[in-house]
Structure formats: structure tokens, C-alpha cells
Novice: 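Sharing a structure, written as C-alpha cells. Questions coming.
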Protein chains: 2
Amino acid sequence: MAAPETRDTIITAADRLFYERGFEHTSFADVAGIVGISRGNFYYHFKTKDQILDAVIERRLADRRAMLDQWTSEGLTPKQRIASFIRILLVNEAKIRAHGCPIGTLFSELSKLDHSGEDGARRLFDLFRIWLRQQFHKIGRRHDADDLAMHILARSQGVATLANAYPDEAFLENEVSLMLAWLDAIRATDDT
Amino acid sequence: MAAPETRDTIITAADRLFYERGFEHTSFADVAGIVGISRGNFYYHFKTKDQILDAVIERRLADRRAMLDQWTSEGLTPKQRIASFIRILLVNEAKIRAHGCPIGTLFSELSKLDHSGEDGARRLFDLFRIWLRQQFHKIGRRHDADDLAMHILARSQGVATLANAYPDEAFLENEVSLMLAWLDAIRATDDT
DNA sequence: GTCTATACCTGGATAGAC
DNA sequence: GTCTATCCAGGTATAGAC
């Protein structure tokens with residue numbers, strides 16, 4: 001039963017390196033070095049680099065899904081749940097300043113590679129988009145729930161990008177406050 | 001006098017490919033193929049790949065600077081100038097849907113490579129940030145001009161990222177409308 | 001399941017002829 | 001200024017021993 005453990009360790013290491021250095025810039029040697037196995041052994045667990053990417057995306061999907069599920073089952077109101085989403089920027093502040101958003105930067109990279117994994121990365125956006133849409137729907141914003149979801153997703157992405165470009169400034173905290181204020185001002189009435 | 005032309009053509013081709021495929025994923029052979037020269041000839045014009053990157057960044061800086069200078073000298077009000085900035089998203093809509101923001105995606109990539117060019121890419125953000133700050137300052141927002149500049153920069157970045165992820169949706173136009181409405185509501189009074 | 005050794009290719013970079 | 005030929009490093013992937 002040692003194999004699954006190694007496989008898991010590889011995914012964890014690859015997940016980290018893909019985030020910190022990017023997918024293409026990360027080599028098998030890099031991952032193998034961290035895991036402490038030989039490059040040859042790698043191919044016992046993953047046939048190609050794309051397979052590791054797929055596994056990393058699945059891992060990220062599972063992680064995020066678990067997080068959203070927890071918020072959903074915690075007895076929070078929909079608004080409080082959306083606030084939790086916004087506060088991800090604060091919880092992961094140090095990493096975002098250093099490497100940007102793990103979802104946004106991965107998508108951006110794969111998009112340029114015209115890589116098939118682009119679809120996988122988009123599923124990460126979809127996960128949040130659909131979940132956010134549901135929350136806005138519950139608030140009563142039935143007609144523009146998706147627009148609001150996309151709006152808050154975009155704001156988060158932009159904040160992550162600029163926080164990465166200007167990591168030593170108070171910008172990130174300021175913007176989170178603005179987003180929470182925006183959320184607070186949301187009323188249970190549709191635009192139309 | 002043929003040399004400068006070739007050099008210029010190389011920069012133009014590299015600029016396009018770095019945007020469409022990313023810096024690292026673009027090879028000398030790719031650029032040479034478009035320009036129509038041999039790989040060897042390349043090194044007469046640029047000693048290293050980093051030198052091409054520097055030239056591309058300088059080119060982008062000059063292009064954007066010229067655009068901002070034009071708006072500044074066109075007799076527009078500061079608000080109208082900021083609106084012009086926001087409408088970049090519409091002017092370049094097709095490209096943004098296909099490849100994201102040329103500045104944001106370049107920065108994101110170089111950031112992960114811990115590349116020295118990261119500083120160059122940040123200068124592109126700085127160019128817009130300082131210019132936007134000046135416009136908000138002229139409106140009368142002396143105390144939070146920089147915050148407002150960063151806010152609109154971040155919004156633009158986020159919109160570009162998500163428009164790239166969901167290119168076939170009306171999202172981009174919706175968000176531009178929201179940003180213009182936000183701008184319209186700005187009053188000449190400081191927060192403090 | 002893990003190792004070493006190695007094949008093979010791509011891509012950056014150099015040398016030197018024209 | 002442009003070319004061809006070539007070197008070399010790094011990276012994916014395979015073969016086969018242990």
C-alpha cells in the first residue's frame with residue numbers, strides 16, 4: 001500500500017510547484033527532487049506530464065469543493081457564505097502576494113499553451129461560479145445571480161493579480177473591505 | 001539600413017507571440033519562422049532571449065505611453081480620459097477574449113519564473129497606475145487618487161481574466177458598463 | 001515499486017562561411 | 001546582415017535490473 005502514498009506525495013509536490021513556478025516551468029526533476037524519488041520511478045505513477053496536471057486539477061477541485069461544502073453546511077446565511085469566499089483573499093494573503101491566484105494563474109498559463117488542460121482549469125472557475133450563483137439566488141437575486149457571481153469572481157481575480165504585482169502594499173486589504181461593503185449593500189431585489 | 005527594419009520586425013513578431021503563446025512557450029524558431037529569417041541570424045540582432053523580452057516590454061511601454069499621451073492632449077476631461085481607459089476592454093475585446101490582458105498575463109508568467117523581467121512588466125502596470133492616479137487627482141480626489149487608480153486597474157484585470165475564461169458570454173460588456181457607472185458616480189470629494 | 005542508464009528531442013546559443 | 005552547421009543543456013520518456 002506504499003504506492004498510493006507516493007502518488008499522493010507527487011500530486012502534493014506538483015500542486016505546489018505548478019503554483020509557485022508554473023506548469024511548464026516545472027520539470028519532473030523538480031518534483032522528483034522534492035518527493036525524494038528518482039525520475040524513472042515517476043513514470044510508474046504517471047505516464048505523462050499531462051496526467052500529473054490532470055491529477056493536480058482534480059486535487060484542487062476536491063479541495064475547493066470540500067471548502068464550499070463546509071461553508072454550506074455550517075449554518076451560515078448565504079451572505080455570510082459569500083463573505084467567506086471574499087475572505088479567501090485574506091486567508092491566503094501571503095501566498096497570493098507571492099504567486100497570485102492558483103486558479104487564475106493556472107488558467108492563464110494553460111490558455112496560452114492552447115492546452116487541453118484549459119478546460120480542466122475552467123472547471124475550477126465553474127465550481128466557484130455555480131456555488132456563488134446559488135448563494136445570490138438564495139438571497140433573492142434570481143434574475144442576476146450569475147452576473148453577481150461573475151462580478152465577485154472577477155473582482156477577486158483582479159485583486160489577486162495586482163496584489164501579486166504590488167505585494168508590499170495595503171491594497172489587498174482595502175479591496176477586500178470594498179468587496180464586503182459591496183456585498184453588504186446587496187438587497188434582495190432583482191435589477192429587472 | 002536594412003538591419004533596424006529586421007530588428008523591428010522581430011520585436012513585432014515576438015510581441016505578438018509572447019502575448020498569444022507566452023514568453024517561455026515561444027521559441028526562437030517560432031519567431032524566426034514568422035519573420036522569415038534563419039535562427040542563426042537572430043543572434044545578430046539579439047544576444048539572448050531576455051534581450052528580446054526587454055525590447056518587447058519597451059515596445060509595449062512606448063505604445064501605451066503614446067496612447068495615454070494622446071488622451072491627455074485631446075482636450076478630454078479627466079473623467080473622459082478614465083472612461084477611455086476603461087473602454088480599452090471593448091476596443092481590444094476580441095484579443096482579450098482569446099488571450100487575456102497582455103500586461104497582466106505577461107506579469108503573471110514572469111512572476112512565476114522569478115524572472116528579472118518581472119520588474120519590467122511591473123513598469124507597465126506603473127505606467128497606467130500613475131496616469132490614472134493623476135486623472136483622479138485632477139478630479140479632486142487628492143487623498144485617495146491612488147486607491148481609485150488601483151481599484152480600476154484591478155477591476156480591468158479581473159474582467160480580462162474572466163473574459164478569457166468565458167469568451168463567448170456577454171460578461172465583458174456588462175462589466176464595462178458597471179465600471180463606467182462607477183466612474184460616473186465618483187464625486188470630487190475625498191473620502192477623508 | 002524503485003532504481004540506474006539511456007534514448008531522443010527541443011531549444012538556446014556559438015562559429016564561421018558567404 | 002544573413003546563412004548553414006553545430007554544440008550543448010535540459011527535459012520528457014523508455015528499458016530493464018533490482
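To find a chain, count down the sequence lines: A is the first, B the second, and so on, and within it residues start at 1. Just so it is clear, the values below take in all heavy atoms, side chains as well, and ignore hydrogens, waters and symmetry mates.
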Novice: Return the value, rounded to whole Å, for the distance between atom NZ of K47(A) and atom P of dG11(D).
Specialist: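 Taking atom P of dG11(D) as the reference, NZ of K47(A) is at 22 Å.
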
Novice: Looking at N41(A), does any N or O in its side chain come under 4.0 Å of the phosphate oxygens OP1/OP2 on dG1(C)?
Specialist: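 For dG1(C), neither OP1 nor OP2 has a side-chain N or O of N41(A) closer than 4.0 Å.
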
Novice: Quick one: is dG1(C) close enough that its OP1 or OP2 comes under 4.0 Å of any side-chain N or O from Y44(A)?
Specialist: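 For dG1(C), OP1 or OP2 has a side-chain N or O of Y44(A) closer than 4.0 Å.
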
Novice: Closer than 4.0 Å, any side-chain N/O of T6(B) to the OP1 or OP2 of dT2(D)?
Specialist: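 For dT2(D), OP1/OP2 do have a side-chain N/O of T6(B) under 4.0 Å.
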
Novice: Does K95(B) reach the main-chain N or O of C101(B) with its side chain, forming a donor-acceptor pair under 3.5 Å?
Specialist: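 A pair under 3.5 Å: no.
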
Novice: According to side-chain contact (heavy atoms from CB on, under 4.5 Å), who are the partners of D63(B), at least two apart in sequence or on a separate chain?
Specialist: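 Counting only residues at least two positions away or on another chain, D63(B) forms a side-chain contact (heavy atoms from CB on, under 4.5 Å) with R59(B).
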
Novice: For the pair made of CD1 in I52(B) and P in dG11(C), what is the distance, rounded to whole Å?
Specialist: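 Interatomic distance, CD1 of I52(B) to P of dG11(C): 14 Å.
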
Novice: Can you tell me the distance, in whole Å, between the CZ atom of F42(A) and the P atom of dG1(C)?
Specialist: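 Rounded to the whole Å, the gap is 16 Å.
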
Novice: In whole angstrom, what separates Y43(A)'s OH from dT6(C)'s P?
Specialist: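 Roughly 17 Å, once rounded to whole Å.
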
Novice: With a distance cut-off below 6.0 Å to the six-membered ring centre and an angular limit of 45° from the axis, does R7(B) pair with Y44(B) as a cation-pi contact?
Specialist: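 Negative - R7(B) is either too far from the ring of Y44(B) or too far off its axis.
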
Novice: As a test of reading the structure: which of dT2(D), dT2(C), dT14(C) is closest to the side chain of H45(A), going by heavy atoms?
Specialist: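 Of the candidates, dT2(C) comes closest.
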
Novice: With distance as the sole test, does Q51(B) use its side chain to make a donor-acceptor pair with the main-chain N or O of K47(B) at under 3.5 Å?
Specialist: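 Side chain of Q51(B) to backbone of K47(B), a donor-acceptor pair under 3.5 Å: yes, one is there.
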
Novice: Restricting to pairs with a member in residues 96-107 of chain B, which pass side chain to side chain donor-acceptor pair (under 3.5 Å), not counting sequence neighbours?
Specialist: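 Residue pairs with at least one partner in residues 96-107 of chain B: K112(A)-T105(B), E93(B)-R97(B).
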
Novice: Return yes if some donor-acceptor pair links the side-chain N/O of S111(A) with the main-chain N/O of F107(A) below 3.5 Å, else return no.
Specialist: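 No, S111(A) side chain to F107(A) backbone: no donor-acceptor pair under 3.5 Å.
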
Novice: Give me the residues of residues 18-40 of chain B where at least one heavy atom lies under 4.0 Å from an atom of DNA chain D, by number, or none.
Specialist: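 DNA chain D contact set from residues 18-40 of chain B: I37(B), S38(B), G40(B).
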
Novice: For K49(A) and dT10(C), give me the distance from atom NZ to atom C1', rounded to whole Å.
Specialist: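 Rounded to whole Å, this separation is 13 Å.
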
